[in-house]
Number of protein chains: 2
Amino acid sequence: MTFVLAVDDDPAILRTLSINLRARGYDVETAGDGRSALQVVDERMPDAVILDLGLPDLDGVAVLKRLRSFTQVPVVVLSARHESDDKVEALDEGADDYVTKPFDMEELLARVRSAIRRAGAAEASLVVVAGDVRLDVTERRATRAGDEVRLTPTEWHIVEVLARRQGRLVRQAELLHEVWGPGYDRETNYLRVYLAQIRRKLESDPSRPTMFITDPGIGYRLVTPG
Amino acid sequence: MTFVLAVDDDPAILRTLSINLRARGYDVETAGDGRSALQVVDERMPDAVILDLGLPDLDGVAVLKRLRSFTQVPVVVLSARHESDDKVEALDEGADDYVTKPFDMEELLARVRSAIRRAGAAEASLVVVAGDVRLDVTERRATRAGDEVRLTPTEWHIVEVLARRQGRLVRQAELLHEVWGPGYDRETNYLRVYLAQIRRKLESDPSRPTMFITDPGIGYRLVTPG
DNA sequence: ACACGTCTTGACGCGATCCATACGCCCGGT
DNA sequence: ACCGGGCGTATGGATCGCGTCAAGACGTGT
């Protein structure tokens, strides 16, 4: 499994990073300062590092320098908007990329992905096959009996969350929270609408779903026969 | 796969070289000094060597001399601006070409390519054929129904990124980042403008593209029928 | 200085997609 | 038999993203 180390002094950010990365199938370790970051690296070399520049003990750039002295692990730097000089300095020191706070999670994830890919490590690919339907979540390609099926971004988002749990139940509030963000936890009607659309595109008998199963009052799951 | 050895004492430069060469489809090994460079060559003969003249242990010219004593592998020499005598000496010793630091990556890559080509080794060539369109990415040549088509540098850059992934999805932010660098990740209008230009030049019906496919809200991909 | 090609930036129309609401059905509880 | 909660389905207006056009900035070679 791909192993990512996240370094930031703000526990809230570490938490968000950790949750989102884990949700994407990464193995995650966190560190709150430069010292423990280097220690983690020493124990187990990550496949990528997310490094905040503003750290309590060592400067972020210093950590990067130390890292670069013995490894080429891809590093994506986080920096506050104003400290643009630090950012440049970090890139000079061999950072692979940077993202300015406040950052968009999807953007950061894309950066991490491509940094890992450039480094040549294996990329996590998620493919689900059920009957004559094939869902390649990372590539965003869906086929049914060999024919390409087009899903909208929101539809993919739902499919992605369900696919990642491989048959296990996903609660309504969780699904809503993941796709629409906080504040939509009660809008279960959205789920009904979108699940209907997804079924219409992928199920052979949309009114009798065999893949996208409803657990009434609880949530949904994506079952893959076989 | 074409195998290139890069030798430099500066880890940052090695890193940059490594990333860029790998991105072009080469297999890359690096060495920080003359001794380990010779060791790598001993283990597996490269198809080309990029050799910095300023090395901590052996002199770069000495390494070249040792190399030439048993192989004709193409060598492209890196040298700092001032050491012009070293450069001449290196050429006398059988270097195939030289590039002065600070060097332009594209230029260096072109030198390496042509050194390999002269040596007659198999070149890492990337050619995509779709319908009556032929894209030779390494050579920067595009033809449509046999006629030469001119693409601008930026257009090539986009085509190159898409071609390297052969039909797989490239996300918007990733494409922007690859072509325009960090900080342009939201400028999706650039992509719209350039993709339109590329299609106008290459697609038979630009408003109904068959090669350069849009995944709305996600990214683009270059599909090659057949 | 000029001309040319290229890159940036803004504006606009259109179609796809999303949001929000409404309605009918099934089913279990009373 | 009635009722209500939860679900699937249909629908229309608002919004978003894309393709397209065009004008200005920029840079390079003549």
Side-chain angles (χ1 to χ4, degrees), chain A residues 104 106-107 140 142 148-160 169-173 175-221, chain B residues 104 106-107 140 142 148-160 162 169-173 175-181 183-221:
Chain A
D104 174 51
E106 284 306 320
E107 187 188 326
R140 290 267 139 111
E148 177 108 23
V149 177
R150 288 173 48 85
L151 298 184
T152 72
T154 309
E155 287 163 5
W156 267 119
H157 210 307
I158 294 169
V159 168
E160 186 176 349
L169 174 70
V170 180
R171 292 175 183 282
Q172 294 175 340
L175 201 43
L176 285 163
H177 195 84
E178 179 80 29
V179 176
W180 279 269
Y184 285 80
D185 301 15
R186 303 293 170 76
E187 310 283 350
T188 61
N189 45 333
Y190 292 5
L191 294 179
R192 300 206 299 275
V193 171
Y194 275 95
L195 263 296
Q197 282 175 5
I198 292 170
R199 284 168 177 151
R200 208 174 306 136
K201 291 181 178 179
L202 294 177
E203 298 269 6
S204 49
D205 184 354
S207 58
R208 294 163 177 273
T210 62
M211 307 166 54
F212 293 90
I213 304 299
T214 303
D215 274 276
I218 313 291
Y220 295 85
R221 67 188 131 143
Chain B
D104 174 51
E106 286 306 323
E107 187 189 331
R140 293 267 140 119
E148 177 106 22
V149 177
R150 288 174 47 84
L151 298 184
T152 72
T154 308
E155 287 163 4
W156 268 119
H157 210 303
I158 293 169
V159 168
E160 185 177 348
L162 291 173
L169 173 71
V170 180
R171 283 158 201 281
Q172 293 175 341
L175 197 46
L176 284 164
H177 179 256
E178 187 78 32
V179 176
W180 279 269
Y184 284 80
D185 303 20
R186 305 291 171 76
E187 309 285 346
T188 61
N189 47 331
Y190 289 12
L191 294 180
R192 300 207 299 274
V193 170
Y194 274 95
L195 263 296
Q197 282 174 7
I198 293 170
R199 283 170 179 149
R200 207 174 305 134
K201 292 180 178 179
L202 295 177
E203 297 268 5
S204 50
D205 184 353
S207 59
R208 294 164 177 273
T210 61
M211 308 166 54
F212 294 89
I213 304 299
T214 302
D215 271 273
I218 311 292
Y220 295 85
R221 69 181 98 208

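A note on names: the letters A, B, ... follow the listed sequences, proteins ahead of strands, and every chain is numbered from 1.
- At the phosphate of D:dC7, OP1 or OP2 sits under 4.0 Å from a side-chain N or O atom of A:Gln172.
- Per the geometry, CG belonging to B:Leu176 stands 11 Å off P belonging to C:dT8, to the nearest Å.
- For the pair A:Ile198 CD1 and C:dC18 P, the interatomic distance rounds to 10 Å; values are reported in whole Å.
- Here A:Tyr220 lies in heavy-atom contact (under 4.0 Å) with sugar-phosphate atoms only.
- Atom CZ of B:Phe212 and atom P of D:dG19 are 13 Å apart (whole Å).
- Among the heavy atoms of the strands, none lies under 4.0 Å from A:Thr188.
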N/O to N/O distances under 3.5 Å, protein versus nucleotides 20-27 of chain C:
from: C:dA20; atom 1: OP2; to: A:Tyr190; atom 2: OH; distance (Å): 2.0

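- Nucleotide D:dT9 holds its P atom 14 Å from the CG atom of A:Leu191, rounded to whole Å.
- Here the closest heavy-atom approach between residue B:Val179 and residue B:His157 is recorded as CG2-ND1, 3.5 Å.
- The listed nucleotides are C:dC18, C:dC7, D:dA10; the one nearest the side chain of B:Pro153 is C:dC7.
- Rounded to whole angstrom, the span from the CG atom of A:Leu195 across to the P atom of D:dT9 amounts to 10 Å.
- Across all strands, B:Arg150 comes closer than 4.0 Å only to sugar-phosphate atoms, never to a base (heavy-atom distances).
- Nearest heavy-atom pair, B:Trp180 versus B:Ile158, reported as atom, atom and distance to 0.1 Å: CH2-CD1, 3.9 Å.
- Along DNA chain C, the nucleotide closest to B:Thr152 and the one closest to B:Pro216 are compared, and the more 5′ of them pairs with B:Thr152.
- We find that B:Glu203 and B:Arg208 are not joined by a salt bridge, their nearest charged nitrogen and carboxylate oxygen being 4.0 Å or further apart.
- At C:dC7, none of the side-chain N or O atoms of B:Trp180 fall inside 4.0 Å of OP1 or OP2 (strictly under the cut-off).
- Across A:Glu155 and A:Lys201, no two heavy atoms sit closer than the pair OE1-NZ, 2.8 Å.
- Nucleic acid contact class of A:Gln197 (heavy atoms, under 4.0 Å, all strands): none.
- Checking B:Gln172, B:Arg192, B:Arg199, B:Arg221 one by one against B:Thr214, the side chain to side chain donor-acceptor pair (under 3.5 Å) holds for a single residue, B:Arg199.
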Item checked: Trace of the side chain to side chain contact (heavy atoms under 4.5 Å, CB included) decision for A:Val159 with A:Tyr194 -> CA-CA 10 Å; A:Val159 168; A:Tyr194 275 95; over 6 Å; no
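- For the pair B:Asp215 CG and C:dA16 P, the interatomic distance rounds to 15 Å; values are reported in whole Å.
- Side-chain N or O atoms of A:Arg140 include none that pairs as donor or acceptor with a backbone N or O of A:Trp156 at under 3.5 Å.
- The nucleotide whose nearest atom lies closest to any side-chain atom of A:Arg199 is, among D:dG8, D:dA10, D:dT20, D:dG8.
- Residues B:Ser204 and B:Pro206 approach most closely at O-CD, 3.6 Å, considering heavy atoms.
- Rounded to whole Å, the distance from CD1 on B:Ile218 to C1' on D:dC18 is 14 Å.
- At the heavy-atom level, B:Glu155 lies nowhere under 4.0 Å from the strands shown.
- Within the structure, every side-chain polar atom (N or O) of B:Thr214 is placed at least 4.0 Å from both OP1 and OP2 of D:dG17.
- With rounding to whole Å, B:His157 atom NE2 is found 15 Å from C:dT6 atom C1'.
- In terms of phosphate contacts, A:Thr154 brings a side-chain nitrogen or oxygen within less than 4.0 Å of OP1 or OP2 of C:dC18.
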